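Since the model is a prediction, treat every value here as computed from it, not as a measurement.
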Amino acid sequence: MRRPYVICHMMASIDGRIDCAMTEQIGADEYYEALEMLSIDTTIEGKTTAMNHYAEKELFVAQDATPVGREEFYKSHDSESWEAVVDTHGTLRWPEDDTPNRICIVSQQASREYLDYLRERGISYIATGETSIDLSRALSILQYEFGSERVGVVGGGHINGGFLREGLLDEVSMLYGAAIDGREGFCAAFDGIEACHTCPYKLHLKSVRQMGDNSVWIRYSYI
């Protein structure tokens with residue numbers, strides 16, 4: 001199945017932690033500079049990141065929770081760039097001043113009522129996967145229907161881990177700030193993957209460069 005070129009781009013402390021409040025103190029400008037250099041046209045983030053930064057705090061609760069039960073998509077308008085969020089069951093509400101280029105990627109377990117809410121708000125969506133989001137199919141729809149060619153996975157450790165586990169990453173782009181986090185219980189750049197025959201996931205080094213005064217940008221291709 002054809003799909004866009006997919007890069008996971010993250011900012012981390014040198015011990016691999018990615019807590020946003022921490023990384024903003026150790027090289028956030030370099031992170032966004034590197035992201036721009038990657039020429040990404042579509043970003044994908046996880047639900048937790050969206051709840052912390054973009055979505056309303058109050059979740060959407062459907063009066064009729066009957067699942068949509070089929071694959072479908074809705075594109076509200078044409079755009080050269082998109083900002084997608086994965087939200088398996090369709091529960092995020094969006095403020096009036098949110099980006100017009102938002103795409104909500106949900107599973108077929110999301111309710112028709114939620115998809116109607118998105119349409120009424122002029123928010124694009126992709127519904128795919130019977131019980132969980134079919135990431136491969138979502139990427140294909142992004143390419144064919146939304147024009148996405150270079151996708152940046154810029155979410156938390158679990159959404160990053162999901163793309164890695166499904167073999168959907170072409171490149172890993174890690175910007176390391178000159179700091180150690182060390183706090184117990186904070187998510188790593190890739191997390192939530194059960195032990196399997198492919199662990200560890202081996203990479204090929206593409207390039208290393210200094211960014212700013214103290215950050216290091218390392219790019220890997222995925223085998």
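- Residues satisfying the ring pair (Phe, Tyr, Trp, His ring centres under 6.0 Å) criterion with His53, sequence neighbours excluded, are absent altogether.
- Tyr144 pairs by the side chain to side chain donor-acceptor pair (under 3.5 Å) definition with nothing, not counting sequence neighbours.
- The side-chain contact (heavy atoms from CB on, under 4.5 Å) search around Leu118 returns Trp94, Cys104, Tyr114, Leu115, Ile123, Tyr125, not counting sequence neighbours.
- Considering OG1 of Thr43 and CZ of Arg150, their distance stands at 14.0 Å, rounded to 0.5 Å.
- Residues passing the side-chain contact (heavy atoms from CB on, under 4.5 Å) test with Pro67 are Gln109, sequence neighbours excluded.
- Within 6.0 Å of CD in Glu130 there are 12 or fewer heavy atoms belonging to other residues, nucleotides or ligands.
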Contacts table for residues 153-169: side-chain donor-acceptor under 3.5 angstrom, sequence neighbours left out:
unit_1	atom_1	unit_2	atom_2	d
Asn160	ND2	Gly155	O	3.4
Asn160	ND2	Gly156	O	3.2
Asn160	ND2	Ala189	O	2.9

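- Atoms CE and CZ, on Met10 and Arg17 in that order, are 13.5 Å from each other to the nearest 0.5 Å.
- By the criterion of side-chain heavy atoms lying less than 4.5 angstrom apart, applied directly or through intervening Ile, Leu, Val, Met, Phe, Trp or Tyr residues, Val85 is not grouped with Leu142; the two fall into different hydrophobic clusters.
- Applying the salt bridge (Lys or Arg N to Asp or Glu O under 4.0 Å) test to residues at least two apart or on different chains, the pairs with a partner in residues 32-55 are Lys47-Asp87.
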Show me, pair by pair, the donor-acceptor contacts under 3.5 angstrom made by side chains of residues 21-30, not counting sequence neighbours?
unit_1	atom_1	unit_2	atom_2	d
Thr23	OG1	Asp19	O	3.4
Thr23	OG1	Cys20	O	3.2
Gln25	NE2	Ala21	O	3.0

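- Using a distance-only test at 3.5 Å, with no hydrogens or angles considered, a donor-acceptor pair links the side chain of Ser107 to the main chain of Thr88.
- Within 6.0 Å of the CG atom in Leu38, the count of heavy atoms belonging to other residues, nucleotides or ligands exceeds 12.
- Listed by chain and residue number, His9 satisfy the ring pair (Phe, Tyr, Trp, His ring centres under 6.0 Å) test with Tyr31 (two or more places apart in sequence, or in another chain).
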Could you give me the CA-CA distance, side-chain angles and deciding distance for Leu59 and Leu92, then say whether side-chain contact (heavy atoms from CB on, under 4.5 Å) is met?
-> CA-CA 5 Å; Leu59 295 177; Leu92 294 177; 4.1 Å; yes

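- The closest donor-acceptor contact from the side chain of Trp82 to the backbone of Phe146 lies under 3.5 Å.
- Not one N or O on the side chain of Arg137 forms a donor-acceptor pair closer than 3.5 Å with the backbone of Ala127.
- Rounding to the nearest 0.5 angstrom, the gap separating the OH atom in Tyr222 from the NE2 atom in His204 is 11.0 Å.
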Please tabulate, for the side chains in residues 208-216, all donor-acceptor contacts under 3.5 angstrom to protein atoms that are two or more places apart in sequence or on a different chain.
unit_1	atom_1	unit_2	atom_2	d
Gln210	NE2	Gly212	O	3.0
Gln210	NE2	Asp213	O	3.0

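- For residues 170-179, the pairs satisfying salt bridge (Lys or Arg N to Asp or Glu O under 4.0 Å) are Arg3-Asp170, Glu171-Lys206, Glu171-Arg219, with sequence neighbours left out.
- Side-chain contact check for Asn101 versus His77: some heavy-atom pair is nearer than 4.5 Å.
- Applying the salt bridge (Lys or Arg N to Asp or Glu O under 4.0 Å) test to pairs two or more places apart or on separate chains, none has a residue in residues 50-62.
- Atom-to-atom distance recorded for Thr128:OG1 and Gln108:CD is 6.0 Å, nearest 0.5 angstrom.
- Looking at residues two or more places apart in sequence or on another chain, you find a side chain to side chain donor-acceptor pair (under 3.5 Å) between Ser76 and Ser124.
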